[in-house]
Amino acid sequence: MTVASDGGVPSGPAAGSSSGLVKRFGRALPALPGLAVLLFLFLVPMAIMFVFSFWRTNNDFVVVPEWNLGNYARFFVEGTYLRTFIKTLIMAGLVTVAALAIGLPFAYFLVRYTGKLTQRVILLAVIVPFWTSYLVRVYAWQAILGEHGALNQILQAIGVIKVPLDIFNYDDPGVFVVLTYIYFPFALLALYASLEKFDFTQLNAAQDLGARPDQAFRHILLPQIRAGIITACIFVFIPILGEFLTPTLVGGAQSSLIANLVLNFLRNDQFAEGAALAIIIAAFVTAIMIVFRKSFRVEDVVTSG
Amino acid sequence: MARGTSPLETMPVSRFARQTRWSLIVLTGAMLAFLYLPIAFLILFSFEDAATPGLPITGLTLHWYQVLASDSAIQSALLTSIEVAVVVTIIASIVGTMVAFPLVRRGVRAPGLLRLGFTLPIMIPGFLIGIGLLIFFRQGLHPLIDVQLGLYTVVAGHLVFTIPFVVLIVASRLQGFDRRLEWAAADLGAGPWRTLRHIVLPLIAPAILAGALLCVTLSIDEFVITFFLIGPQQTLPLYIYTQIKFGVTPEVNAIATVILLVSLLAVTLGSILLTSSRRLRRRRAE
């Protein structure tokens, strides 16, 4: 065991050293209740879901241990599932791009052009609604979108449009806007955290040495905030793979995302079939997190509030 | 050229600086409007006297708030939510703080793995946590015990994602903790418990409190996991959801407004607590 320092402070007498198993266990002891929760209420259920995805739901809606791949085969054979899954990925991708397009200039502005106090106030203004009721924030859009929604009404009243615009109907564009609304603060927080650490004099140095602003941006700034950008993408992309509320509240008949299809299985007590679809989503989430494990920092988003 | 000084001094060399600055200001304004307009509309509609909320506003009324005050279904849903939140917050704050110590102070063999383990429930969509637990309770445990969905299962579900938040918040405070204070206490004859009680806990208390506040808001607002694990009783978000699904009454706008304002308050308070503790630590470090 390496005797590393705790946050810059030299390790004291109590830290480090192989002082026997008992002492070590004693120090790990406080983690046990938390580990128990993690194990029994998270890892075990996930493992059971994984196993069930290879079993079968019988006619009494009980999952029985008859191993098969039928639940997964359905995903590839019946077009709806694959189509909806791809649609979900595209939607998540578009929202991620939008969140970056909004978040990056916004974070840049905060760090570069505002004083510490303004920065804090604006950041707080962004963070605060994002910690408040997710359901209520999605619901708030119901009155804004729609044929007779506030957006159409206002635009008609000030004479910008004559007839209600279809684009504001309860449909995919609406789902896109609401998802962007819900998730872009994640991106902002991650980007802000990485931009805040960046030393902007480097940009001036690069330009003094003859780099054009866009070159300085690409070769100096971008590589250094890469982790922040990846964190931002992950924090926007992943939750959308599990989105079912937004399509339900502000989407149309065709706006279902993959999570809505899982929900349909569960409504019919088809747990094995639902488990398989959920495992496909989980596999995607896990793959993303493994690929980018070195680059994303949860703490930046969680504790910067 | 230090950051945080006057805007003029931090101007980049680019001759487009001025335009950049203005377009960024406009963008920021637009973004804040995007963030707050839906909330503003929601609040506005909660005072509207029409039976179907929307523009144009025909008149203002406090009627929906009066309906709210006398609606027993909402009140019992609110009580249920508070009940769940209190239990979740107490357990999560204690358990989460306990995990943070070995995590930061190398009491475990693989702190990286432990950290990852407690990061997962935050990263994984609540949807998957909810489904996993639903299948676990309804079918996985079925051969052993017959679990009825209800408030216990909801509490279990909330613990899965609130504990990690407490762990991360307390751990990040504990990371910068000056351990010399503890050694000084030990030198002066204090035992480990006394040191913990009188030195460590008071110093990390703001972080624990911030974590607890976060737990309260997260639990009270939680919809997705509760959606899967709730039994016959309803929490407030679930009640609102059913109201929305079965026809909007303006009453929903009123209750949504109340929830929004209360959680705005709690989060602002928590955030201020968190930064003040951070600032305190920074000052101490200097």
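The figures here come from the full heavy-atom set of this structure, side chains too, leaving out hydrogens, waters and symmetry mates. Below, chains carry the letters A, B, ... as their sequence lines are ordered, and counting in each starts from 1. What you are looking at is a predicted structure, and each value in this text was computed from that prediction instead of being measured.
Of the listed residues (A:Leu35, A:Val51, A:Ile240), the greatest number of heavy-atom pairs within a distance under 4.5 Å of chain B belongs to A:Leu35. Contact count versus chain B (heavy atoms, under 4.5 Å) is highest, among A:Phe271, A:Tyr181, A:Phe61, for A:Tyr181. Ranked by heavy-atom pairs under 4.5 Å with chain A, the list B:Ile240, B:Val224, B:Thr97 is led by B:Val224. Contact count against chain B (heavy-atom pairs under 4.5 Å) is highest for A:Leu41 among A:Leu41, A:Leu43, A:Ile281. When each of A:Leu38, A:Leu110, A:Val37 is scored by its heavy-atom pairs under 4.5 Å with chain B, the top score falls to A:Leu38. Highest contact tally toward chain B, considering only A:Ile144, A:Leu241, A:Val285, is held by A:Ile144 [criterion: heavy-atom pairs under 4.5 Å]. The residue among B:Ile135, B:Leu35, B:Val167 with the most heavy atom pairs within less than 4.5 Å of chain A is B:Leu35. When each of B:Pro125, B:Gly117, B:Pro38 is checked for heavy-atom pairs under 4.5 Å with chain A, B:Pro38 comes out on top. Options A:Val262, A:Leu32, A:Ile122 differ in how many heavy-atom pairs under 4.5 Å they form with chain B, and the most are formed by A:Val262.
In this structure, B:Arg105 satisfies the cation-pi test against B:Phe177, with its NZ or CZ atom closer than 6.0 Å to the six-membered ring centre and inside 45 degrees of the ring normal.
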Show the numbers, then the answer: is there a side-chain contact (heavy atoms from CB on, under 4.5 Å) between B:Phe41 and B:Ile39? CA-CA 5 Å; B:Phe41 273 121; B:Ile39 296 175; over 6 Å; no

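The stretch residues 125-140 of chain A participates, sequence neighbours left out, in no salt bridge (charged side-chain N to carboxylate O under 4.0 Å, His left out) pair at all.
Surrounding OH of B:Tyr36 are more than 12 heavy atoms belonging to other residues, nucleotides or ligands, all under 6.0 Å away.
For a residue to count as touching a neighbouring chain, one of its non-hydrogen atoms must lie under 4.5 Å from one of that chain's; by this rule B:Leu134 touches chain A with the side chain only. Of the atoms belonging to B:Phe34, heavy atoms from both backbone and side chain fall under 4.5 Å from chain A. Using a 4.5 Å cut-off between heavy atoms, B:Ile255 does not touch chain A at all. Heavy-atom distances place the side chain of B:Leu218, and not its backbone, under 4.5 Å from chain A. Heavy-atom distances place the side chain of B:Ile163, and not its backbone, under 4.5 Å from chain A. Interface residue B:Leu260: backbone and side-chain heavy atoms are both found under 4.5 Å from chain A. With a 4.5 Å cut-off on non-hydrogen atoms, A:Phe52 touches chain B through its side chain but not through its backbone. For B:Tyr241, the parts lying under 4.5 angstrom from a heavy atom of chain A are both the backbone and the side chain.
No donor-acceptor pair closer than 3.5 Å links the side chain of A:Asn152 to the backbone N or O of A:Gly149. Side-chain atoms of B:Gln139 come within 3.5 Å of backbone N or O of A:Val63 as a donor-acceptor pair.
The distance between the ring centers of A:Phe200 and A:Tyr108 falls below 6.0 angstrom. Side-chain rings of B:Phe127 and B:Phe227 stay apart, their centers remaining 6.0 Å or farther from each other.
Taking the side chain as every heavy atom from C-beta outward, A:Thr57 and A:Phe265 never approach each other to under 4.5 Å. Contact annotation: the side chain of A:Phe198 never approaches that of A:Val111 to less than 4.5 Å [non-hydrogen atoms, C-beta and beyond].
For the side chain to side chain contact (heavy atoms under 4.5 Å, CB included) test, residues two or more places apart in sequence or in another chain that qualify with A:Ile102 are A:Thr180, A:Phe184, B:Met31.
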